[in-house]
Amino acid sequence: MLGFGADLLWADMNRLLAFLFHQGVLDEQFLQLQQLQDEASPNFVSEVVNIYFHESEKLLNNLRGLLMEKELSDYKKIGIHLNQFMGSSSSIGAKRVTNICVAFRAATDQSNRAGCLRALEMLEHEYCYLKNKLHELFQIEQQRALVAGVRYPVQNQ
């Protein structure tokens, strides 16, 4: 039996997930990722998402570096980084990040530096929001697992 605390934490997790879906931050792909998690790999989702965060940081740094060059002419290279970011974001269900990547890609296709800079700023903001919310979700999930795992001895009276 789950303890009262675990039930509250489970409800907190569900509320946060519902909020993220309602706000369009996540989509059904995130649910599919969660379905792959089981007792044999209880941290599967957080591990996959942490790999995503690690790789995304590199991609964001590369994009910023390319856009800060004085002679910006390599929109093709920016597009390659964006395609990687878009694909990995889509695979974890990061809907708003993916949508911003699409807009960023359109600015890249038009060689629109100002549009690319605006899109990068939006992408960094949305990525940070996603990262903070998913870290919050995983912290609640860890707390719930710890509370659910605590077994109190039954006292005989």
Side-chain angles (χ1 to χ4, degrees), residues 6 8-146:
L8 289 175
L9 291 168
W10 190 260
D12 287 347
M13 277 178 52
N14 287 331
R15 268 193 298 278
L16 180 55
L17 270 176
F19 173 77
L20 294 174
F21 279 94
H22 179 73
Q23 294 294 312
V25 174
L26 297 174
D27 64 20
E28 63 281 345
Q29 185 62 35
F30 188 80
L31 295 176
Q32 291 178 8
L33 191 62
Q34 284 185 312
Q35 290 173 355
L36 297 174
Q37 186 165 292
D38 58 19
E39 289 181 17
S41 54
N43 299 319
F44 177 77
V45 175
S46 65
E47 289 170 4
V48 168
V49 169
N50 282 323
I51 291 168
Y52 164 79
F53 288 147
H54 180 75
E55 293 303 313
S56 295
E57 298 286 338
K58 289 184 207 173
L59 290 169
L60 284 169
N61 285 333
N62 289 341
L63 288 166
R64 178 154 294 286
L66 287 167
L67 284 169
M68 292 301 128
E69 291 176 3
K70 298 277 188 234
E71 296 291 324
L72 178 66
S73 60
D74 204 350
Y75 286 102
K76 184 175 183 177
K77 199 169 192 175
I78 292 171
I80 290 168
H81 290 305
L82 277 172
N83 286 343
Q84 290 175 320
F85 203 5
M86 203 173 347
S88 60
S89 297
S90 177
S91 71
I92 68 153
K95 184 178 179 180
R96 285 196 333 209
V97 169
T98 302
N99 290 343
I100 293 170
C101 286
V102 171
F104 195 159
R105 183 63 203 233
T108 301
D109 290 344
Q110 297 169 2
S111 300
N112 178 350
R113 184 178 182 147
C116 286
L117 288 169
R118 280 191 305 275
L120 177 62
E121 188 176 317
M122 289 172 47
L123 184 58
E124 288 174 331
H125 173 79
E126 191 58 44
Y127 169 78
C128 285
Y129 183 77
L130 172 73
K131 187 174 182 179
N132 289 335
K133 289 300 178 185
L134 288 181
H135 277 310
E136 183 181 339
L137 179 71
F138 296 144
Q139 285 175 340
I140 296 169
E141 188 174 37
Q142 283 180 332
Q143 290 172 355
R144 185 197 58 77
L146 285 173

*Asks:* For Val45 and Gln34, work out which heavy atoms get closest and say how close.
*Replies:*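 Between these two residues, the closest heavy atoms are CG2-CA, 3.6 Å.
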*Asks:* Quick one: do Glu136 and Lys133 satisfy salt bridge (charged side-chain N to carboxylate O under 4.0 Å, His left out)? Show the steps, please.
*Replies:* CA-CA 5 Å; Glu136 183 181 339; Lys133 289 300 178 185; 3.4 Å; yes
*Asks:* So with a 6.0 Å cut-off around NE2 of His135, is the heavy-atom count from everything else above 12?
*Replies:*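 Buried by this count: over 12 neighbours within 6.0 Å.
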*Asks:* Of all heavy-atom pairs between Cys101 and Leu123, which one has the smallest distance, and what is that distance?
*Replies:*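 Closest approach of Cys101 to Leu123: SG-CD1, 3.9 Å.
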*Asks:* For Arg105, which of Ile78, Ile100, Asn83 qualifies under side chain to side chain contact (heavy atoms under 4.5 Å, CB included)?
*Replies:*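 Output: one option passes, namely Asn83.
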*Asks:* Just wondering, do Leu60 and Phe85 contact through their side chains at under 4.5 Å, heavy atoms?
*Replies:*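 A side-chain contact under 4.5 Å exists here.
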*Asks:* State whether the number of non-hydrogen atoms from other residues, nucleotides or ligands found under 6.0 Å of Glu55 atom CD is greater than 12.
*Replies:*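 It does: Glu55 CD has more than 12 such atoms within range.
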*Asks:* Should Tyr75 and Gln110 count as side-chain neighbours, where that means a heavy-atom distance under 4.5 Å?
*Replies:*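 A side-chain contact is absent here, since even the closest heavy-atom pair is not under 4.5 Å.
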*Asks:* Tell me, do Glu141 and Gln37 make a side-chain contact under 4.5 Å, heavy atoms counted?
*Replies:*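 Yes - at least one pair of side-chain heavy atoms lies under 4.5 Å apart.
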*Asks:* Hey, does Gln142 have a side-chain heavy atom less than 4.5 Å from the side chain of Asn43?
*Replies:*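 SC-SC contact between Asn43 and Gln142 ruled out.
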*Asks:* What I'd like to find out is whether the side chain of Ile92 reaches to under 4.5 Å of the side chain of Gln29, using heavy atoms alone.
*Replies:*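 They are not in contact (no side-chain heavy atoms under 4.5 Å apart), so the answer is no.
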*Asks:* For a quick check under 3.5 Å, do Glu57 and Tyr127 share a side-chain donor-acceptor pair by atom type?
*Replies:*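 Yes, side-chain donor-acceptor contact under 3.5 Å.
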*Asks:* Can you check whether Lys95 reaches Leu26 side chain to side chain, under 4.5 Å on heavy atoms?
*Replies:*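 Lys95 does not reach Leu26 side chain to side chain.
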